[in-house]
Each structure stands twice: as structure tokens, then as C-alpha cells.
Visitor: 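Below is one structure. I have some questions about it.
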Amino acid sequence: MPSLSKEHFDLYSAVHVPETHAWPSSYLHDHPIAGDRRASIPVIDISEPDAASIVGGACRSWGVFYATSHGIPADLLHQVESHARRLFSLPLHRKLQTAPRDGSLSGYGRPPLSSFFPKLMWSEGFTLAGHDQLAVTSELCPFDSFSFCEVMEAYRKEMKKLAGKLMRLMLLSLGLDEEEMGQVGPLKELSQAAEVIQLNSYPTCPEPERAIGMAAHTDSAFLTVLHQSDGAGGLQVLRDQDEPGSARWVDVPPRPDTLVVNVGDLFHILSNGRFKNVRHRAVVSRADHRISAAYFIGPPAHIKVGSISKLVDMRLGPIYRPVTWPEYLGIRTRLFDKALDSVKFQEKALEKD
């Protein structure tokens with residue numbers, strides 16, 4: 001079981017940012033922050049008849065969008081956020097009792113990205129993967145683990161239904177019909193899909209100009225659906241195409257009754273490079289404690305993900321070789337943000353429709 005150390009610094013009691021968590025300015029300010037209204041994330045009503053084409057355009061151009069009319073009950077989102085706040089408010093030594101062990105992914109800890117960086121991030125997380133939620137949270141006495149698990153299971157079920165709807169729209173936008181969607185891609189194996197819920201806490205920071213909540217990265221899964229706590233911004237995405245000038249960080253603040261959807265590496269592979277896997281990060285604030293709940297969905301562990309044949313130019317072949325999610329995660333463990341390049345068949349220009 002982990003012991004208290006510099007790696008498990010109590011962020012909530014901090015009066016300054018220690019050197020272990022102080023990031024160089026060159027990293028924190030690698031790109032300017034977008035300040036004009038044109039650099040705004042698409043907002044899409046996914047219940048509209050033309051939602052598929054609009055979602056497809058957002059996935060090609062941005063790799064991220066806000067979804068409205070998503071069908072997730074507001075009361076459930078409130079309960080998820082409330083339970084997350086209660087969990088993260090527990091004393092650090094109690095949270096550390098649930099650190100992942102024996103090969104499990106579930107439990108409390110630092111962001112998984114931490115191993116790739118010399119500095120630590122101003123955040124803490126709690127991962128729920130598989131069916132060991134109750135076993136993990138039961139150690140958080142006097143935490144109400146049964147109620148927590150009931151809420152998180154309801155959240156998982158609702159998010160899975162939403163993810164199926166979103167992936168259907170994304171595949172329709174790529175030109176697949178209903179029959180083709182049942183034969184290829186993520187909808188074929190949706191009932192067996194691998195799912196992860198990641199609760200994140202970004203405490204207030206006494207020196208936010210020296211810290212980062214979550215370092216820049218892309219997600220590995222098919223897609224991520226994110227709920228953000230009201231009023232506390234921090235999520236940013238890198239906008240680096242179809243715009244004049246250099247790449248810029250674009251704020252993705254919370255919006256009422258919306259969820260954030262972003263394309264992951266595996267859907268980028270599935271679309272043969274047509275959909276952008278968006279690079280994103282989280283900055284921290286001196287005034288606001290931000291909570292988020294991310295839902296990741298990917299293929300069953302034994303299923304290889306490759307480019308849909310209908311999207312492949314037969315003269316050039318697919319851009320990427322097929323990989324399973326566990327195989328790809330293993331590659332990311334070694335190569336981090338170079339993982340996607342490592343599964344290319346060869347250097348090819350990404351042709352976009």
C-alpha cells in the first residue's frame with residue numbers, strides 16, 4: 001500500500017506549489033490561448049435530423065464538440081458530481097487505501113500520464129474499470145460505498161447508451177449505412193465494449209501559473225464523454241488546423257445541459273485518419289475547485305481495430321495497422337504521444353473528405 005510521500009502531496013492544504021509540481025514556463029505556454037469568438041467548440045443538438053453530418057464535420061475539423069439533447073438525466077449528473085466531491089474530500093491516507101493493486105486499474109491515484117513527465121500534476125483521480133467498484137470503495141469507511149456504486153453503475157449504463165448513439169452518428173457521417181454499421185466498427189461489439197469511468201479532482205492552486213492539472217495528451221479509446229462541474233473551467237483543446245497562424249489552446253468551459261465529446265486514437269484509426277484525435281489538457285485555478293467525470297469506451301480486449309475498408313484508398317492501403325486496445329495501451333506506455341505514429345504502415349498524407 002502506498003505511503004505518504006512527495007508523490008502524494010496533499011494538494012488541498014498547499015500554500016505554495018512545491019518544486020515537485022512546478023512546471024517550466026516553456027511547457028505551460030507552448031502555444032498561445034485563443035481569444036477570438038471564431039475559436040469556439042461546436043455545439044450540436046444530437047437529436048436533430050442532420051446531426052450526423054454536423055457531428056462528422058466537428059470530428060474532422062476539431063475532434064471535439066459539445067453535445068446537447070444527450071439524454072443523461074441532470075439529477076444523475078448531479079449525483080455523480082456530489083459523490084465525487086465527497087470521495088475526494090476524504091483524508092489523503094484514506095484515499096490511498098484504495099490505490100490500484102494486484103493488476104487492477106480501479107482505485108485512487110495520480111493521473112496515469114504522470115510516469116511520462118518529470119513533474120507531478122495538480123490533480124488526483126479515481127478510476128473505475130471492470131466490476132470491482134464495490135470491493136475498492138468498501139475500504140473508504142465511513143464512505144457510503146454502496147450508494148456510490150449504485151450511482152456510478154447508473155452513470156455507466158446511461159453513458160454506454162449515449163456512446164452507442166454518438167458512434168452511430170459518427171459512422172453515418174463516414175458514409176456507412178445501417179447494415180454496414182452492424183458488420184464493422186464499434187457498434188458490432190457494443191455489448192462487450194470495454195468501459196472506464198475516470199473521476200478527476202483539480203483542487204484550487206495557490207500558484208496556477210506554475211502548475212498543470214493534466215498534461216497535454218490524446219485519449220486512447222474510441223471516444224470520451226466528459227461531464228464538467230458547473231462554473232469551474234480548465235479544459236483546453238489544441239486547435240492546429242484550418243485556422244490562420246500558429247496552433248492555439250482553446251478553452252472548453254462548462255455549458256449548461258451539455259457534455260463534451262472528444263475523438264480518441266482508436267476512432268482516428270478506425271476512420272483511417274479522417275477524424276481528428278484531439279490533443280487536450282487541463283489548467284488549474286486559484287479560485288475554483290474543478291470536478292470532472294470522464295467516460296471512456298473502447299473495443300473488447302480481443303478485438304483488433306483497423307481502418308474501415310470502405311474508407312481506405314485501395315491504391316494506398318490503410319494508414320494504420322490493426323491493433324487491440326490493450327496492445328495499443330502497451331505501446332503508449334513505452335512511447336506516449338508517439339504511439340500513433342508507431343502503428344502507421346508508412347508515412348501517408350491523411351486525405352480528408
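One-based numbering along the sequence shown. Both backbone and side-chain heavy atoms feed into the values below; hydrogens, waters and symmetry mates do not.
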Visitor: Report yes if some heavy atom in the side chain of Asn272 is under 4.5 Å from a heavy atom in the side chain of Ile308; otherwise report no.
Guide: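 When only atoms from C-beta onward are counted, Ile308 and Asn272 do not touch, as no gap falls below 4.5 Å.
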Visitor: Could you check, using the six-membered ring where one of them is a Trp, whether Phe117 and Phe336 have ring centers closer than 6.0 angstrom?
Guide: yes
Visitor: Tell me, with the steps shown, if Gln198 and Thr127 meet side chain to side chain donor-acceptor pair (under 3.5 Å).
Guide: CA-CA 5 Å; Gln198 178 70 32; Thr127 304; 2.5 Å; yes
Visitor: At what distance, to the nearest 0.5 angstrom, does CG of Asp341 lie from OH of Tyr320?
Guide: 7.0 Å
Visitor: Does atom NE2 of His29 have more than 12 heavy-atom neighbours from other groups under 6.0 Å away?
Guide: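 Enclosed: over 12 neighbouring heavy atoms sit under 6.0 Å from NE2 of His29.
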Visitor: To the closest 0.5 Å, what do you measure between CG (Asp251) and CD (Gln236)?
Guide: 4.5 Å
Visitor: Do other residues, nucleotides or ligands put more than 12 heavy atoms under 6.0 Å from Asp30 CG?
Guide: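 Enclosed: over 12 neighbouring heavy atoms sit under 6.0 Å from CG of Asp30.
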Visitor: How about Leu259 and Leu162: do any of their side-chain heavy atoms sit closer than 4.5 Å?
Guide: yes
Visitor: Assess whether a salt bridge exists between Glu195 and Lys157, defined as any Lys/Arg side-chain N lying under 4.0 Å from an Asp/Glu carboxylate O.
Guide: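 Not counted as a salt bridge, because no side-chain N and carboxylate O are separated by less than 4.0 Å.
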Visitor: Minimum heavy-atom separation for Met214 to Pro111, with atom names?
Guide: SD-CB, 3.5 Å
Visitor: Write down the atom of Pro32, the atom of Ala247, and the distance for their closest heavy-atom approach.
Guide: CD-O, 3.4 Å
Visitor: Is it the case that the side chain of Ser106 and the backbone of Ala129 share a donor-acceptor pair, with hydrogens and angles ignored and the cut-off at 3.5 Å?
Guide: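 At least one qualifying donor-acceptor pair exists.
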Visitor: Start with the C-alpha gap between Tyr295 and Glu158, add the side-chain angles, then the distance that decides, and say whether side chain to side chain donor-acceptor pair (under 3.5 Å) holds.
Guide: CA-CA 10 Å; Tyr295 171 85; Glu158 291 291 334; over 6 Å; no
Visitor: Going by heavy atoms in the side chains, are Met314 and Val312 under 4.5 Å from each other?
Guide: yes
Visitor: Indicate if Leu169 and Phe65 have the same hydrophobic cluster label, given that clusters are the connected sets of ILVMFWY residues with side-chain heavy-atom separations under 4.5 angstrom.
Guide: yes
Visitor: Does the pair Asp288/Arg290 count as a salt bridge with the N-to-O cut at 4.0 Å?
Guide: no
Visitor: Examine distances only and state if a side-chain atom of Lys95 and a backbone atom of Leu87 form a donor-acceptor pair shorter than 3.5 Å.
Guide: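 No; zero donor-acceptor contacts below 3.5 Å.
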Visitor: Using the rule that Ile, Leu, Val, Met, Phe, Trp and Tyr join whenever any side-chain heavy atoms are under 4.5 Å apart, tell me whether Trp325 and Leu190 fall into a single cluster.
Guide: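 In one cluster with Trp325: Leu190, yes.
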Visitor: Establish whether Val343 and Ile319 are linked, either directly or via other cluster members, by ILVMFWY side-chain heavy-atom contacts under 4.5 Å.
Guide: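 In one cluster with Val343: Ile319, yes.
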Visitor: Is there side-chain contact between Val260 and Val64, with at least one heavy-atom pair below 4.5 Å?
Guide: yes
Visitor: Please check this pair: side chain of Ser271 against backbone of His268, looking for a donor-acceptor N/O pair closer than 3.5 Å.
Guide: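 Answer holds: yes.
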Visitor: What heavy-atom pair brings Ser191 and Lys160 nearest, and what distance separates the two atoms?
Guide: O-NZ, 3.1 Å
Visitor: Before giving the answer on side chain to side chain donor-acceptor pair (under 3.5 Å), spell out for His31 and Ser246 the whole-Å C-alpha distance, their side-chain angles and the decisive distance to 0.1 Å.
Guide: CA-CA 8 Å; His31 299 290; Ser246 63; 5.6 Å; no
Visitor: Ignoring hydrogens and angles, tell me if any N or O in the side chain of Tyr155 forms a donor-acceptor pair with the backbone of Ile197 under 3.5 Å.
Guide: no
Visitor: In the hydrophobic clustering (ILVMFWY, side-chain contacts below 4.5 Å, transitive), which residues join Val196, or is it alone?
Guide: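 Hydrophobic cluster check, Val196: joined to Phe296.
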Visitor: Do Arg210 and Glu19 sit within salt-bridge range, that is, some charged N less than 4.0 Å from a carboxylate O?
Guide: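 Here Arg210 pairs with Glu19 in a salt bridge, since their nearest N and O are under 4.0 Å apart.
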Visitor: Would you call Lys276 and Asp240 a salt bridge, taking side-chain N to carboxylate O under 4.0 Å as the test?
Guide: yes
Visitor: So, Arg255 side chain and Tyr66 main chain: donor-acceptor pair closer than 3.5 Å or not?
Guide: no
Visitor: Work out which heavy atom in Phe275 is nearest to a heavy atom in Gly56; give both atom names and the distance.
Guide: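 Closest approach of Phe275 to Gly56, heavy atoms only: CE2-O, 3.9 Å.
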Visitor: Would you call the rings of Phe148 and His83 parallel, tilted or perpendicular, taking 30° and 60° as the class edges?
Guide: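 Phe148 and His83: perpendicular rings.
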Visitor: Using modelled atom types only, decide if a donor and an acceptor are shared between the side chain of Glu180 and the backbone of Asp177 within a distance under 3.5 Å.
Guide: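 Checking the backbone N and O of Asp177 against the side chain of Glu180, a donor-acceptor pair under 3.5 Å is found.
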Visitor: Can a donor-acceptor pair be found between the side chains of Ser342 and Arg321 at a distance below 3.5 Å?
Guide: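 Side chains of Ser342 and Arg321: no pair found under 3.5 Å.
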Visitor: Taking C-beta and beyond as the side chain, do Val278 and Val263 meet within less than 4.5 Å on heavy atoms?
Guide: no
Visitor: Does the side-chain contact (heavy atoms from CB on, under 4.5 Å) test come out yes or no for Arg332 and Thr218, once each step is laid out?
Guide: CA-CA 11 Å; Arg332 274 178 61 114; Thr218 61; 3.5 Å; yes
Visitor: Using distance alone, with no hydrogens and no angle criterion, decide if Asn200 and Ser123 have a side-chain donor and acceptor under 3.5 Å apart.
Guide: no
Visitor: Measure the CZ-OH distance between Phe126 and Tyr108 for me, rounded to the nearest 0.5 Å.
Guide: 10.5 Å
Visitor: Is the shortest side-chain heavy-atom distance between Phe9 and Thr20 below 4.5 Å?
Guide: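 Side chain of Phe9 against side chain of Thr20, heavy atoms only: no contact under 4.5 Å found.
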Visitor: Between Ile72 and Leu77, does a side-chain contact (heavy atoms from CB on, under 4.5 Å) hold up when you go through it step by step?
Guide: CA-CA 7 Å; Ile72 308 296; Leu77 294 174; 3.7 Å; yes
Visitor: Is there side-chain contact between Arg85 and His289, with heavy atoms separated by less than 4.5 Å?
Guide: yes
Visitor: At what distance, to the nearest 0.5 angstrom, does CZ of Arg281 lie from CD1 of Ile212?
Guide: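 Going from the CZ atom of Arg281 to the CD1 atom of Ile212 covers 5.0 Å.
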Visitor: Taking C-beta and beyond as the side chain, do Val283 and Leu28 meet within less than 4.5 Å on heavy atoms?
Guide: no
Visitor: Run Asp219 and Asn277 through side-chain contact (heavy atoms from CB on, under 4.5 Å) and show every step you take.
Guide: CA-CA 8 Å; Asp219 293 336; Asn277 53 328; over 6 Å; no
Visitor: Filter on ring-ring contact (aromatic ring centres under 6.0 Å, His included), then keep only pairs touching residues 202-221, sequence neighbours left out; what's left?
Guide: His217-His280
Visitor: Looking at Asn262, is its backbone amide N or carbonyl O close enough to the side chain of Trp62 to form a donor-acceptor pair, meaning the two atoms are under 3.5 Å apart?
Guide: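 Between the backbone of Asn262 and the side chain of Trp62 there is no qualifying donor-acceptor contact (under 3.5 Å).
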Visitor: Specify the closest pair of heavy atoms between Trp122 and His16, including all atoms of both residues, with the distance to one decimal.
Guide: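 Heavy-atom minimum between the residues: CH2-O, 4.1 Å.
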Visitor: Could you tell me which non-hydrogen atom of Ala301 sits nearest to which non-hydrogen atom of Pro326, and how far apart they are?
Guide: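 Closest pair (atom of Ala301, atom of Pro326, distance): O-CD, 3.6 Å.
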Visitor: Do Ser173 and Arg60 pass the side-chain contact (heavy atoms from CB on, under 4.5 Å) test, and can you show the C-alpha distance, the side-chain angles, and the key distance before you say yes or no?
Guide: CA-CA 10 Å; Ser173 78; Arg60 285 175 169 86; 4.2 Å; yes
Visitor: Honestly curious: do Val252 and Leu238 fall in one hydrophobic cluster under the side-chain, below-4.5 Å linking rule?
Guide: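 Shared cluster, no.
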Visitor: Does Val305 belong to the same Ile/Leu/Val/Met/Phe/Trp/Tyr cluster as Leu335, with side-chain heavy atoms less than 4.5 Å apart forming each link?
Guide: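 Yes; tracing contacts between hydrophobic side chains, which count when under 4.5 Å, links both residues.
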Visitor: Could you tell me the separation between the NE2 atom of His21 and the NZ atom of Lys119, rounded to the nearest 0.5 Å?
Guide: 10.0 Å
Visitor: How long is the straight-line distance from CD of Gln79 back to CE of Met152, given to the nearest 0.5 Å?
Guide: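 Reported value, rounded in 0.5 Å steps: 9.5 Å.
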Visitor: Examine distances only and state if a side-chain atom of Arg248 and a backbone atom of Ile33 form a donor-acceptor pair shorter than 3.5 Å.
Guide: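 No, the answer is negative, given that no donor and acceptor are paired below the 3.5 Å cut-off.
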